[in-house]
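Heads up: the structure comes next, in structure tokens.
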Amino acid sequence: MMTLDNDTITGTGTGIGIGTQTPEQALATLSDMTQDLVPIQPEEHLKRMAIAQAYMQAHNIAAIYLNAGTNLTYFTGMKWYASERMVGAILPAKGAVQYIAPYFEIGSLNGFKVIDGPIHGWQEHENPYGLFVDVLRQLNIADTATIGIDESAQFFIFDGINKAQTGLTLINAQEVTAHCRMHKSASELALMQGAMNMTLAVHQATASMLYPGISTTEVEAFIEQAHQKVGAPGNYFCIVLFGVATSFPHGVKYPQILKEGDVVLIDTGCKVYDYISDITRTYVFGEPTSRQRQFWGDEKAAQLAAFNAAQIGVPCEDVDAAARQYLASQGLGPEYQTPGCPHRTGHGIGLDIHEWPYLVGGNKTPLAKGMCFSNEPMLVIPDEFGIRLEDHFYMTDEGPRWFTQPSDSIDNPFGLHEAAS
């Protein structure tokens, strides 16, 4: 069994090389890695709401609406899906959270409730947005107050609330939600570390079972099984690309068949107690060409440049610029042009695979403790191949710290590593 943490990567015997095992042997190297992981506790949800309420009080925001989805889960612990019906919660600047849902869903929602609070129900023929405004009045919130609307809520919810109110100022609640969510707690970091460890083990097992003639579809199916073997429900997402298809960052619609000399790009992740992993590995099946080696080395150096630039207080855009400046020094780009890196260097991650803040030009958000980022300044060589090395790091008082150590080399992508300082 492989044992992974954020300092070292270890494996037993074979199984760490490319194409050294059968799929059955590769699966046998994996086992459940979730035994020590603990879900977020109710006390933490209460603390999150208190932080949000303090921010709202300081910025004259009377309440925010949390729609079904990750914002509702983050603050209240309730897991529900967004649909054409309004289901969510009002978090006032002072007082208890208030839930809103169709009457026929109240029994189900009570079963999903983690943080106590009344559920205000609306019948199918009634206007839930009018109920929303009524609840604000019950909370003694003035008709002229400022109310934040969940940035992920569908437009029809904002439109419905807007038509039902008479004098409220409706703003984007992202000001509050991002303020809270982009600073991860120790318990969040532990869950993300566990999920990242699991996906890295899956990557290693996957590389070991590749063989000429295997299809991307078959590899995706193996990764699904492998994620289940390490304790996840399966793939949260999965992109497997061979050859020229690797030059399309998020894939193509057709499957490919692996052959000697192909660049292999696998980008996948899983979910553990709602927190997500996301790791990309790129290598060559067979002996790399000098051109493949050159660009793989450029990608690794750009990733390291971004990591080294990530220091407390530095604007997010400077991390992106560090990767891009290195690539420009190698004649790539410049900026977002190809051959070069056509997309941002990184994204935040947590309950959503892409969340705030983003490592991209123009984002002046200063790096702070607890922020988490992907580091993936992908190189696209049009009509040839793409190279993406993606690992994530989180900010500490001492600087950035990898969740997973970067790939060692194009010849040994899963080699042993010393901890990054």
Side-chain angles (χ1 to χ4, degrees), residues 6 51-52 54-55 58-59 61 70-71 74 148 151-152 171-186 188-189 192 196 249 276 278-280 298-330 332-338 340-380 388-404 406 420-421:
N6 64 339
I51 292 171
Y55 183 92
H59 293 82
I61 301 170
T70 53
N71 277 329
Y74 178 84
E151 69 279 11
S152 65
I171 65 170
N172 190 337
Q174 181 178 321
E175 178 182 346
V176 181
T177 58
H179 168 76
C180 297
R181 289 181 57 179
M182 67 183 177
H183 302 283
K184 269 60 179 185
S185 67
E188 289 180 285
L189 293 174
M192 294 171 68
M196 297 289 185
I276 297 169
D278 176 16
I279 300 175
T280 307
D298 287 335
E299 169 73 357
K300 180 175 172 64
Q303 187 191 43
L304 183 59
F307 180 82
N308 289 337
Q311 300 297 324
I312 295 293
V314 168
C316 286
E317 65 178 357
D318 286 9
V319 181
D320 178 79
R324 226 164 283 284
Q325 287 165 5
Y326 169 79
L327 294 175
S329 75
Q330 304 304 302
L332 296 166
E335 299 300 329
Y336 297 87
Q337 298 177 37
T338 58
C341 177
H343 61 60
R344 64 195 173 209
T345 293
H347 56 78
I349 190 170
L351 291 174
D352 289 311
I353 193 167
H354 292 172
E355 59 180 57
W356 329 270
Y358 295 93
L359 301 177
V360 65
N363 187 357
K364 300 186 183 303
T365 303
L367 300 186
K369 182 179 179 180
M371 290 182 176
C372 302
F373 301 96
S374 72
N375 186 349
E376 47 175 324
M378 179 180 183
L379 285 182
V380 171
R388 179 162 70 243
L389 302 176
E390 179 186 11
D391 297 275
H392 290 65
F393 64 87
Y394 58 95
M395 298 303 300
T396 73
D397 288 331
E398 292 74 39
R401 183 174 174 83
W402 292 111
F403 281 107
T404 52
S421 60

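Count residues from 1 along the sequence.
We find the OG1-CH2 distance between T365 and W356 to be 12.0 Å, quoted to the nearest 0.5 Å. One distance of note links CG of L367 with SG of C316; it measures 5.0 Å at 0.5 Å rounding. How far CG of D278 is from NE2 of H354: 6.0 Å, rounded to the nearest 0.5 Å. Once rounded to the nearest 0.5 Å, the distance linking CE of M371 with CZ of R181 reads 14.0 Å. Atom NZ of K369 is separated from atom CG of D397 by 4.5 Å, given to the nearest 0.5 angstrom. With rounding to the nearest 0.5 angstrom, the CG atom of L389 is 8.5 Å from the CG atom of L379.
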**Request:** Test R388 against E299 for salt bridge (Lys or Arg N to Asp or Glu O under 4.0 Å), laying out the working first.
**Result:** CA-CA 7 Å; R388 179 162 70 243; E299 169 73 357; over 6 Å; no
**Prompt:** Can you check side-chain contact (heavy atoms from CB on, under 4.5 Å) on D298 and Y326, steps first, answer last?
**Reply:** CA-CA 8 Å; D298 287 335; Y326 169 79; 3.2 Å; yes
**Message:** Quick one, T280 with E376, criterion side chain to side chain donor-acceptor pair (under 3.5 Å). Give me CA distance, side-chain angles, the key distance, then yes/no.
**Reply:** CA-CA 8 Å; T280 307; E376 47 175 324; 5.0 Å; no
**Message:** Assess the residue pair Q311 and D318 against the criterion (side chain to side chain donor-acceptor pair (under 3.5 Å)); give the C-alpha distance rounded to whole Å, side-chain angles, the decisive distance to 0.1 Å, and a yes or no.
**Reply:** CA-CA 10 Å; Q311 300 297 324; D318 286 9; over 6 Å; no
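Listed for the E317 side chain is a donor-acceptor partner under 3.5 Å among the backbone atoms of G362. Side-chain atoms of E355 do not come within 3.5 Å of backbone N or O of M182 as any donor-acceptor pair. Q330 contributes no side-chain N or O that, together with a main-chain N or O of L327, makes up a donor-acceptor pair within less than 3.5 Å. K184 contributes a side-chain N or O that, together with a main-chain N or O of I349, makes up a donor-acceptor pair within less than 3.5 Å.
Exactly one residue among T404, I276, D391 makes a side-chain contact (heavy atoms from CB on, under 4.5 Å) with M196. That residue is T404.
By the 30° and 60° cut-offs, the orientation of the rings of Y394 relative to F403 is tilted. Classified by interplanar angle (parallel below 30°, tilted 30° to 60°, perpendicular above 60°), the ring pair F307/W402 is parallel. Ring pair H179/H183 is perpendicular by interplanar angle, where above 60° counts as perpendicular and below 30° as parallel. Relative orientation of the H347 and H392 rings is perpendicular, given thresholds of 30° and 60° on the angle between their planes.
The two residues V176 and I61 make their nearest non-hydrogen contact at CG2-CD1, 3.8 Å. The two residues I279 and E390 have their closest heavy-atom pair at CG2-O, 3.4 Å. Minimum heavy-atom separation, R324 to R344: NH2-CA, 3.9 Å. When all heavy atoms of G148 and A173 are compared, the closest pair comes out as C-CB, 3.7 Å. Closest of all the heavy-atom pairs between G348 and Y358 is N-CD2, 4.4 Å. Here the shortest heavy-atom pairing between L359 and D320 reads O-OD1, 3.5 Å.
Taking the side chain as every heavy atom from C-beta outward, C372 and L189 approach each other to under 4.5 Å. Side-chain contact between T70 and S152: absent, with no pair of heavy atoms (C-beta onward) separated by less than 4.5 Å. Between D352 and Y74 the shortest side-chain heavy-atom distance does not fall below 4.5 Å. Side-chain contact between P406 and L304 is absent, with no heavy atoms from C-beta onward closer than 4.5 Å.
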